[in-house]
Amino acid sequence: MQDYDLDATLTSGQVFGWEPRAESWIGVVNGRWVKLTQTPRRGIILAQTAEPQTEWSWLADYLQAGVDLDQILATFPTDPQSRAWRDAAIESCRGLRLLRQDPWECLASFILSSTKQIVQIRQIVAVLRARFGSPVVVPAGERPAFAFPSARRLAAATATELRECKMGFRAPYLLATAQRIASGQCDLASLRQMRVADARAELVKLPGVGDKIADCVLLFAYGFRTVFPIDVWIAKALRKYYFRGRHVRAIRLRHYVVNRFGPHAGYAQQYLFHYIRTKGRVTGDT
DNA sequence: GACCAGGACCATT
DNA sequence: AATGGTCATGGT
């Protein structure tokens with residue numbers, strides 16, 4: 001696949017379940033063990049599964065392989081303030097994609113993400129999967145692998161058991177939300193055909209889910225590309241590039257980004273996020 | 001040993 | 001409406 005940076009995509013803080021191993025990435029998609037390897041020169045992504053596959057649409061959809069990246073990057077804002085980061089971010093992050101993740105896995109992962117570093121979120125998710133996830137078929141010689149635990153499975157756990165996965169005060173949030181999903185009180189599948197605002201309103205009803213986490217799920221799982229999650233990193237970047245580094249309230253930032261970053265604002269957000277985390281130096285007050 | 005991490009929530013003003 | 005404290009844990 002051309003114009004696809006697998007490393008950047010899997011390490012950019014949108015997904016936490018992929019494990020690096022010897023020039024490859026190992027993960028579980030749709031209950032299937034997958035090993036992805038991107039060839040050095042041409043950037044072709046090779047996929048190995050544990051069992052023969054008759055069709056690959058489930059993986060192509062997950063990776064969003066058919067998305068026209070150039071068309072998306074062309075919509076990034078070109079105003080003078082945006083130009084201060086836009087070209088450099090596209091230059092250094094080109095090939096970064098937004099995945100199309102499973103809503104429950106994405107939602108649960110981001111409930112665990114609050115005030116955690118990405119490396120720690122990955123750790124928590126790994127422990128959670130090993131402890132509560134169903135084992136998946138792996139090729140001979142590969143280490144055991146587990147699917148992300150279902151809401152039903154986690155709803156049957158205790159807060160104490162969840163805390164043993166190092167998630168700390170997030171345990172009761174994850175448990176309560178899992179119970180609402182498992183009971184059908186919230187139907188994640190029904191959010192797909194809703195308008196963004198309505199889907200967000202449903203998500204923030206869930207325990208441990210505020211605007212930021214809801215936006216991440218809307219963008220990374222449901223594909224609402226206009227959604228622009230604002231975390232501490234993005235907030236700093238917005239203050240630097242658009243408010244001369246001065247302190248601006250979160251509510252004003254959220255209002256500011258609406259209709260400013262185009263029809264693929266979520267993509268712009270992810271490029272900005274990855275850019276400042278890997279290359280840029282963002283300073284300024286918090 | 002501070003300080004912070006892809007926040008949310010609750011109690012005060 | 002807008003702060004401030006608190007939550008649990010590990011990296012830097």
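Side chains are part of it too, since the values below use all heavy atoms of this structure and drop only hydrogens, waters and symmetry mates. The structure displayed is predicted, hence computed values, not measured ones. Each chain gets a letter, A, B and so on, in the order its sequence line appears, and its residues count up from 1.
Ion pair Lys212(A)/Asp215(A) not flagged as a salt bridge, since none of the NZ, NE, NH1 or NH2 atoms sits closer than 4.0 Å to an Asp/Glu carboxylate oxygen. With respect to Arg32(A) and Glu51(A), no salt bridge is recorded, no charged nitrogen being found less than 4.0 Å from a carboxylate O. A salt bridge is defined here as a Lys NZ or Arg NE, NH1 or NH2 lying under 4.0 Å from an Asp or Glu carboxylate O, and Arg94(A) with Asp3(A) meets this definition. The pair Lys279(A)-Glu91(A) fails the salt-bridge criterion, with no side-chain N (NZ, NE, NH1 or NH2) lying under 4.0 Å from an Asp/Glu carboxylate O.
Note on residues 202-221 of chain A: pairs passing ring pair (Phe, Tyr, Trp, His ring centres under 6.0 Å), not counting sequence neighbours, are Phe110(A)-Phe220(A).
Here Arg163(A) does not reach the OP1 or OP2 of dT9(C): none of its side-chain N or O atoms lies under 4.0 Å away. OP1 or OP2 of dG10(C) lies within a sub-4.0 Å distance of a side-chain N or O belonging to Lys166(A).
Straight-line distance between the P atoms of dT6(C) and dG6(B): roughly 23 Å, to the nearest whole Å.
In terms of position on DNA chain B, the residue among Val204(A) and Phe220(A) whose nearest nucleotide sits closer to the 5' end is Phe220(A).
One atom, CZ of Arg122(A), and another, C1' of dG10(C), lie 16 Å apart when rounded to the nearest Å. Atom C1' of nucleotide dG10(C) and atom CZ of Arg170(A) are separated by 10 Å, given to the nearest angstrom.
Put simply, chain A comes within 4.0 Å of DNA chain B, heavy atom to any atom, from dA5(B) to dC9(B), going 5' to 3'.
Base-pairing analysis of DNA chain C finds the following stems of at least three consecutive Watson-Crick or G-U pairs, with both pairing distances under 3.5 Å: B:2-5 with C:9-12, B:7-13 with C:1-7.
Using a 4.0 Å heavy-atom distance criterion, Ser113(A) is classed as a sugar-phosphate-only contact.
Counting heavy atoms from C-beta on, the side chains of Leu59(A) and Val34(A) come closer than 4.5 Å.
Side-chain proximity of Val119(A) to the nucleotides dG11(C), dA8(C), dA2(C) is greatest for dG11(C).
Side-chain rings of Phe261(A) and Phe76(A) stay apart, their centers remaining 6.0 Å or farther from each other.
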